[in-house]
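Taking it in order: structure first as structure tokens, then the write-up.
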Amino acid sequence: MGINLYDAGDYFGAQETSLEAVRYLNPKVERANKLLEYLYNTIANATDELKQYDQAIPYYHRAIHYSNDSINILIYKNNLAVCLRNAKRYREAIKISTEILAKSRPGSVDYAKFLNNLAKAKWMADPSYNPIPAYQHALAIRIKQKDLWGQNSSYASLAKYYEGKNTDSSFHYLNKQYQIAVQISSADDQLNALRGLIQHNKQRSKQYLSRYFTLSDSLQQARAAAKNQFALIRYEVEKNKADNLRLEKENAEKQNRLVKQRAITGASVFLLLLAVGGGSLWYKRRKQRLELEAQNRIKETQLNLSKKIHDVVANGIYRVMSEIENNDNVDRDGVLDKLEDMYHQSRDISHDVEQQTITEIPYSEQLASLLKSFAADQRLVLIAGNDPEQWEDVGKRVKDEVKHVLQELMVNMKKHSQAERVIIRFEKSDQQLMIFYKDNGVGMPAEKSGGKGLANTVSRIESLGGNIIFASEPGEGLSITTSIPLA
């Protein structure tokens with residue numbers, strides 16, 4: 001894709017895509033070096049086309065470093081020499097061009113290329129230098145070898161040299177370059193030749209100008225179409241990234257299982273016994289831990305019950321007793337009302353205790369049940385990172401607020417987004433709980449961004465000292481990133 005983007009004239013896209021490809025290659029793996037040399041050469045070429053010469057030079061050096069092919073090394077060094085020449089570092093450019101010219105075979109296409117570039121660098125470094133003999137020698141080789149791209153370069157070099165010196169010669173070579181550029185379908189070279197022809201021939205300038213505008217418009221449309229094509233590819237890749245990650249994980253797990261099965265063929269009995277013993281120990285410890293947690297919950301319930309009985313029943317009865325003891329004229333109806341009120345409160349306490357004794361559903365299952373309830377035949381809800389261990393050291397208040405926030409987001413999604421895919425991912429690192437939400441719906445209209453529901457969502461997160469960020473473009477889905485400190 002990076003090479004295609006470069007050929008289509010999308011140099012920024014070529015840079016970005018090729019740099020992304022580098023991330024997937026390990027330079028310690030020998031077979032990856034071949035791709036690395038191509039990638040770094042593409043990055044350097046795109047950067048050079050953007051006239052960022054000083055930034056392009058290090059990438060040419062990397063392409064040379066990873067290459068084991070002597071022919072490719074000469075090509076990369078030639079590219080580096082051209083870039084150095086464009087950066088006006090003529091001495092370095094001449095030195096490299098001289099070295100690679102000596103290593104190339106006389107009469108070859110590469111020899112003609114290196115000779116032409118060396119002569120151009122010498123002429124640009126010293127305007128008194130005459131590059132014409134070298135230019136003509138390179139052109140003769142290219143004509144003999146039927147190298148049309150090389151002939152195009154030679155005619156461009158000759159036209160540039162004669163510009164301002166000999167108008168007829170410059171016009172002659174520009175016309176030659178244009179004819180060759182048409183044969184090789186090089187739109188950029190046709191445009192360059194036409195610019196020169198327009199300046200040199202006033203009589204036919206309108207004709208050349210018409211061709212120039214027609215070709216320029218066509219080229220811009222073609223490059224725009226190429227950019228849009230790759231933009232669609234990027235969108236589809238991003239859209240399916242979650243599925244790809246899941247499939248990669250499953251494939252890796254399958255591969256690991258296969259390797260493990262082969263490795264444990266001779267020791268399966270020993271490992272089985274070890275697994276049984278370790279599993280038994282883990283089960284006992286887990287059982288003890290669950291029993292201890294249950295006992296602690298019972299004690300906590302008993303303590304809360306004791307406090308409520310003391311605060312509600314005992315203190316209430318004491319107040320009634322004090323009224324009867326200290327008041328000769330007892331209001332019988334008033335006392336009965338107060339006792340009835342305490343009766344109802346004591347029943348509420350009993351109801352709360354009954355509710356608390358019900359086995360508590362793990363928080364991860366509560367979240368999964370909540371989120372999956374919004375799935376439908378036309379809507380897929382994917383959840384990642386919702387493991388029980390993820391929530392072990394998260395406080396009750398944070399859990400309650402997270403549940404309320406996610407419910408609000410899913411309700412808004414169902415009402416407004418028309419999404420077919422929703423992804424919710426949980427991560428925890430460096431005492432931060434991160435929640436990532438993404439759907440492929442219609443996005444968030446500006447008039448909805450200030451709604452009461454979203455305002456409550458922001459308020460809940462900020463009350464925990466956290467931060468929530470909404471990113472949306474109408475028609476391109478909604479992304480929400482939430483961070484909550486746990487310390």
Side-chain angles (χ1 to χ4, degrees), residues 1-50 52-87 92-93 95-105 108-114 116-117 145 147-150 153 184 186 226-227 229-231 233-234 236-238 240-241 244-245 247-249 251-252 254-256 258-259:
M1 188 186 291
I3 293 173
N4 288 336
L5 285 166
Y6 174 79
D7 291 340
D10 183 3
Y11 303 126
F12 285 112
Q15 280 182 326
E16 179 184 359
T17 306
S18 298
L19 285 168
E20 177 72 12
V22 170
R23 295 175 54 246
Y24 293 94
L25 297 173
N26 184 357
K28 295 181 180 179
V29 178
E30 184 176 355
R31 61 183 180 180
N33 291 351
K34 196 69 171 177
L35 285 173
L36 284 171
E37 66 170 283
Y38 293 152
L39 280 169
Y40 284 126
N41 185 60
T42 300
I43 296 168
N45 286 340
T47 308
D48 181 86
E49 291 289 349
L50 293 171
Q52 300 169 348
Y53 306 122
D54 291 333
Q55 290 91 334
I57 290 169
Y59 288 112
Y60 282 125
H61 283 296
R62 292 186 190 180
I64 295 167
H65 170 76
Y66 285 109
S67 179
N68 293 322
D69 188 314
S70 59
I71 296 176
N72 285 350
I73 290 174
L74 291 178
I75 293 172
Y76 300 152
K77 286 187 174 181
N78 178 69
N79 293 344
L80 173 60
V82 173
C83 184
L84 288 166
R85 185 190 71 207
N86 292 336
E92 298 171 70
K95 181 176 182 296
I96 294 175
S97 294
T98 303
E99 292 174 356
I100 61 177
L101 184 66
K103 295 180 180 179
S104 60
R105 181 172 56 83
S108 66
V109 171
D110 285 339
Y111 182 89
K113 181 195 299 182
F114 303 156
N116 194 84
N117 287 336
Q145 296 288 347
D147 176 16
L148 295 180
W149 282 94
S153 175
I184 62 178
S186 174
K227 291 179 183 179
Q229 175 189 358
F230 289 116
I233 292 173
R234 290 195 192 98
E236 292 296 335
V237 170
E238 184 66 24
N240 296 308
K241 184 174 287 185
N244 291 341
L245 290 174
L247 291 173
E248 288 175 6
K249 182 180 179 181
N251 290 335
K254 290 179 183 178
Q255 186 66 25
N256 288 337
L258 181 61
V259 172

Distance (rounded to the nearest 0.5 Å) between [X] [atom1] and [Y] [atom2]:
{"X": "Lys113", "Y": "Asn117", "atom1": "NZ", "atom2": "CG", "answer": "8.0 Å"}
{"X": "Arg85", "Y": "Ile96", "atom1": "CZ", "atom2": "CD1", "answer": "12.5 Å"}
{"X": "Asn33", "Y": "Asn26", "atom1": "CG", "atom2": "CG", "answer": "9.0 Å"}
{"X": "His61", "Y": "Lys77", "atom1": "NE2", "atom2": "NZ", "answer": "10.0 Å"}
{"X": "Ile100", "Y": "Phe114", "atom1": "CD1", "atom2": "CZ", "answer": "4.5 Å"}
{"X": "Leu80", "Y": "Tyr59", "atom1": "CG", "atom2": "OH", "answer": "14.5 Å"}

Asn251/Gln255 under side chain to side chain contact (heavy atoms under 4.5 Å, CB included): CA gap, chis, key distance, verdict:
CA-CA 6 Å; Asn251 290 335; Gln255 186 66 25; over 6 Å; no
Between [X] and [Y], is any pair of side-chain heavy atoms under 4.5 Å apart?
{"X": "Gln15", "Y": "Gln52", "answer": "yes"}
{"X": "Leu74", "Y": "Asn78", "answer": "no"}
{"X": "Val22", "Y": "Ile43", "answer": "yes"}

For Glu16 and Phe12: C-alpha separation, side-chain torsions, deciding distance, then whether side chain to side chain contact (heavy atoms under 4.5 Å, CB included) applies.
CA-CA 6 Å; Glu16 179 184 359; Phe12 285 112; over 6 Å; no
Cut-off 3.5 Å, side chains only: do Tyr11 and Asn45 have a donor facing an acceptor?
no
Identify the heavy atoms of [X] and [Y] that sit nearest to each other, and give their distance.
{"X": "Leu84", "Y": "Ala93", "value": "CB-CB, 3.9 Å"}
{"X": "Ala21", "Y": "Leu39", "value": "CB-CD2, 3.7 Å"}
{"X": "Tyr40", "Y": "Ala63", "value": "CB-N, 3.8 Å"}
{"X": "Thr42", "Y": "Gly2", "value": "CG2-O, 4.0 Å"}
{"X": "Ala44", "Y": "Ala56", "value": "O-CB, 3.5 Å"}
{"X": "Tyr111", "Y": "Arg105", "value": "CB-O, 3.2 Å"}

Where do Asn79 and Asp48 land on the side chain to side chain contact (heavy atoms under 4.5 Å, CB included) test, with the steps shown first?
CA-CA 9 Å; Asn79 293 344; Asp48 181 86; over 6 Å; no
Has Ser67 got a side-chain atom pairing as donor or acceptor with Ile64's backbone, closer than 3.5 angstrom?
no
Surrounding CG of Asn256 (heavy atoms of other residues, nucleotides or ligands, distance under 6.0 Å), is the total greater than 12?
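For Asn256, atom CG is crowded (more than 12 foreign heavy atoms under 6.0 Å).
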Verify the neighbour count for atom CD1 of Ile71: are there more than 12 heavy atoms of other residues, nucleotides or ligands below 6.0 Å?
no
